[in-house]
Structure formats: structure tokens, C-alpha cells
2 protein chains.
Amino acid sequence: MSAVRLSPTSYVILGMIALRGPSTPYDLKRAVGHSVGYFWNFPHAQLYSEPDRLADLGLLALSVEDSGRRRKTYSLTDRGRAALRAWLASPTDEHFQMRDIAELKLFFNEVGDPDSVPSLAAEQIKQHEERIAVYEGMVERFGDDPASRPRMITLELGLEMEHAALRFWTALAEGDLDRLRRARKGTTTGTSSSTTAE
Amino acid sequence: MSAVRLSPTSYVILGMIALRGPSTPYDLKRAVGHSVGYFWNFPHAQLYSEPDRLADLGLLALSVEDSGRRRKTYSLTDRGRAALRAWLASPTDEHFQMRDIAELKLFFNEVGDPDSVPSLAAEQIKQHEERIAVYEGMVERFGDDPASRPRMITLELGLEMEHAALRFWTALAEGDLDRLRRARKGTTTGTSSSTTAE
DNA sequence: GACAGTACCGTCCGAGACAGACGGTCAACC
DNA sequence: GGTTGACCGTCTGTCTCGGACGGTACTGTC
């Protein structure tokens with residue numbers, strides 16, 4: 001049907017409007033900021049240009065309110081909802097991508113001063129603890145609200161990842177990376193095993 | 001000193017040349033592919049344009065071999081090494097960024113067909129298991145080589161993250177997310193606690 | 001050694017993504 | 001009604017992205 005390729009960011013916009021109903025770019029900006037923005041970041045300018053593109057494609061409907069501030073409200077069309085549904089149902093071939101400056105620095109560490117590792121680890125521990133606190137705060141505030149329950153699920157993934165990172169940097173700081181390997185042996189859920197035997 | 005802003009990708013190039021010695025873009029491409037590329041991906045075209053920029057800045061030295069194929073070999077200058085070291089020692093303020101299509105789909109799942117979750121989870125489980133196998137294979141091949149020991153450390157972080165994701169998707173597939181929360185309570189290393197009490 | 005076939009290697013290009021400066025708009029308070 | 005500061009939208013130049021494309025070396029064939 002639509003031969004156009006939509007970027008993940010396009011689907012974020014479609015998805016947010018599907019969840020929230022008709023929205024202005026600024027509505028989206030705020031909503032994204034404390035939800036999906038944590039695992040799919042993009043500059044807010046996209047939220048002003050991309051919806052127009054989607055409207056051109058017939059996936060969003062635009063209604064302009066010219067009272068006072070120029071303000072555009074976008075709502076989902078049937079075609080937009082269909083496109084979103086099709087994407088949701090399509091296979092996901094790509095592996096997630098990480099971009100971690102700290103990991104980069106650690107990788108190249110041997111070129112520099114070995115003494116910088118402890119401070120790097122300390123920074124990372126702090127950051128991940130803070131992020132965990134943010135996530136836990138969300139769980140406390142919204143965890144009991146049945147309406148936001150679906151969205152709590154992704155938080156759970158975020159928390160797992162944060163804790164994984166925190167465990168790593170903590171073990172590194174304490175010079176006991178072997179502990180991680182040992183701990184992993186016990187945690188494997190047993191659904192299947194990795195293909196390389198040992 | 002240098003008022004120029006280098007991107008993380010620039011430092012990847014400097015770092016790779018620091019680790020490997022003088023290299024051509026293609027050398028870098030292959031080397032990146034099975035190492036740093038796993039946690040900092042970028043298109044290979046960058047490896048042809050960026051070194052020239054770095055050479056202009058005096059951070060790399062260029063030697064052209066005009067026998068046969070035009071081929072450029074870049075090596076690190078003292079200023080390049082200094083820039084890399086300075087970066088390695090500088091504080092890391094940013095949190096890592098994730099880009100996970102699967103997580104996005106999960107977040108917007110309620111808009112679509114709930115039945116798509118199991119297949120999404122199954123795909124993810126497979127992907128993460130495969131990636132774990134790749135990493136484990138590397139550990140087996142290079143784990144005993146003292147020279148590559150430093151680089152094994154980042155692998156350990158990769159493995160932690162992969163296992164975290166695997167645990168999550170497995171729990172989701174089995175409909176037992178609560179298990180994750182319970183398990184996390186026990187694993188906390190105790191360096192500190194999150195700021196939100198419960 | 002001419003030729004074809006194939007893997008290797010480098011370059012280019014249009015479409016987006018990006019950061020962040022900038023300017024307009026509003027509410028509140030004096 | 002003027003001033004202030006928070007709120008909201010737009011714009012710009014630059015960089016990134018991915019992938020198509022084209023050139024180059026190697027290998028085997030006769």
C-alpha cells in the first residue's frame with residue numbers, strides 16, 4: 001500500500017498519538033520526555049517537522065487552531081492506525097543498538113591512564129543508580145494504575161538493563177569481574193542454552 | 001588547545017589506530033566490525049571521510065601508497081594520542097543511549113494486536129541468545145590471551161546486558177514478570193540504595 | 001597472457017537526524 | 001500597561017545514515 005519507508009521515529013509519533021489521542025507537537029514532546037524518550041531519544045525539532053510529513057502521507061490529520069498562538073493538533077487517521085498496526089505486527093529483525101561513551105572509554109582504556117578506571121566506574125555507578133531511582137519512582141506512582149500497566153512493562157526492561165550495567169560497573173570497581181560470570185551461571189532461565197558449549 | 005569538537009566516532013577511530021597501529025580505512029572497518037561495532041555502530045563511509053578530517057586537525061598522519069589501488073594509511077600523531085588520552089580522562093556525563101525497536105513495539109503494543117507479543121518475545125529471545133553465543137565464542141577464543149584481556153572486559157558488560165534482556169523477554173514470554181522484581185531484590189550489591197524509599 | 005568472473009575496496013549522494021539558537025506568545029504580577 | 005520569565009514553535013547549518021555504485025585486485029580458464 002504505502003511504498004514509503006517510515007523511520008522508527010515516525011512510528012513513535014504515530015504511537016504516541018494513538019495512545020494519547022489528538023496531540024500538539026508540544027504535548028508529544030512532554031509525553032515523550034518521561035516515557036519513550038528513555039529508550040528512543042531524538043531532538044524535539046523532529047516533533048514539529050515529522051508530523052507534517054505524516055500528514056502528507058495521509059497517516060495523520062491536521063487541525064489548526066488559529067486562536068492566539070499558531071498551534072497544530074494532529075490526530076490519527078484510519079490509514080495511520082493501520083500503518084502503526086502493520087508495523088507492530090511486522091517481524092523485528094534488528095538487534096538493539098547501544099551507544100555508551102563509558103563503554104567506549106573502557107574499551108580504549110589501555111591507551112590511557114589505568115587510574116582513570118575507578119573514577120569512570122564511580123561516575124557510571126552514580127548515573128545508573130540515579131536512573132534506577134527515576135524508574136522506581138515511576139513504578140511507585142503509576143504501578144497501581146491499571147491504565148498505565150502496559151507501559152510499566154517496558155519500565156521493567158529498563159530496570160533490568162540498568163541493574164545489569166550497575167552490577168557490571170560495581171564489580172569492575174571492586175575488581176571482581178569473575179563474580180559476574182559465576183552469578184550468570186546460576187541465573188540462566190533454562191529456556192534454552194547458548195550454542196557454544198564449553 | 002584544540003577548539004574543535006570531536007565526535008565519539010572520531011575517538012573510535014583514534015582509539016582503534018592507537019590499539020592497532022597504522023591502519024587503512026578498510027582495516028578499521030574489519031576491526032570495528034567484530035569489536036567496538038557491537039556497542040557503537042556507524043556506517044563504514046565514516047571511516048573514509050573522518051580520518052581525513054582528523055588528519056587536517058593534525059591528529060593523524062597520512063601516508064599514501066600509490067602502488068596499485070589508491071590506499072591511505074593513517075597513523076597516530078603525538079597530538080592525536082594526547083587528544084585521545086585527554087578524552088579518556090575526561091568525565092563522562094551522558095547516560096548510555098538505547099535504541100531498541102522491540103522495546104518500542106512493546107511500548108505501543110496495546111494499540112495493536114495483543115497476540116503479537118509472544119512472537120515478538122520469541123524473536124528477541126532468539127536474537128539475544130545468538131548474540132550471547134557470539135560473545136561467548138569470543139571469550140573462548142581470546143579469553144586466555146593476555147594481550148586481549150583488556151578488551152575482554154567490555155565483553156563482560158555486553159554479556160551482562162544481553163543476559164538482562166534475555167531474562168526480561170523470557171519472563172515476559174512466560175508471563176512472570178514479577179519474578180524479575182523478586183530476583184532483583186536479592187542481587188543488589190549493596191554499594192548504595194536508590195533514593196526513593198518504599 | 002587475454003579474458004571472465006568474483007571478491008574486495010572506496011566514493012558518492014539524497015534523505016534524515018541533529019543541536020541549539022532564536023523569536024514569538026502567554027500569564028502573572030506589579 | 002509594562003516588565004518579566006516561563007512556555008512554545010521554527011529555523012539553520014552541519015553531520016549522519018545507509019546503501020547504491022564503480023573501480024581494482026585476484027583467481028581460474030583456455
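Computed from a predicted model, the values in this text were never measured in an experiment. Proteins get letters first, then strands, A, B, ... in listed order; numbering begins at 1 in each.
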Rounded distance in Å - CG (B/D52) to P (D/dC15): 14 Å

Distance in angstrom units between A/D27 CG and D/dG9 C1', rounded: 13 Å

Value in whole Å for how far the P atom of C/dG16 lies from CG of A/L54: 11 Å

Nearest-Å distance for atom pair NZ/P, residues A/K29 and C/dC18: 16 Å

d(CZ, A/F42; P, C/dA15) in whole Å: 22 Å

Interatomic distance, B/Q97 CD vs C/dA17 P [rounded to whole Å]: 14 Å

5'-most by nearest nucleotide on DNA chain C - B/A45 or A/N41: B/A45

Selection from D/dC15, D/dT10, C/dA19 that lies nearest to any side-chain heavy atom of B/R53: D/dC15

Distance, rounded to the nearest Å, where B/W40 contributes CH2 and D/dT16 contributes P: 11 Å

Residues A/E136 and A/R131 bridged, charged N to O under 4.0 Å: no

Sequence neighbours excluded, every pair satisfying salt bridge (Lys or Arg N to Asp or Glu O under 4.0 Å) that has a member inside residues 30-39 of chain B: B/D27-B/R30

Pairwise 5' ranking along DNA chain D for A/P25 and B/S7, keeping only the more 5' one: A/P25

OP1 or OP2 of D/dT10 under 4.0 Å from side-chain N/O of A/Y48: no

Mutual orientation of the aromatic rings belonging to A/F96 and B/H128 [parallel < 30°, tilted 30-60°, perpendicular > 60°]: tilted

Basic-acidic side-chain contact under 4.0 Å: A/R181, B/E160: no

Spacing of B/E50 atom CD relative to D/dT14 atom P, expressed in whole Å: 16 Å

Closest-nucleotide ordering on DNA chain C, the 5'-leading residue of B/R30 and A/H44: B/R30

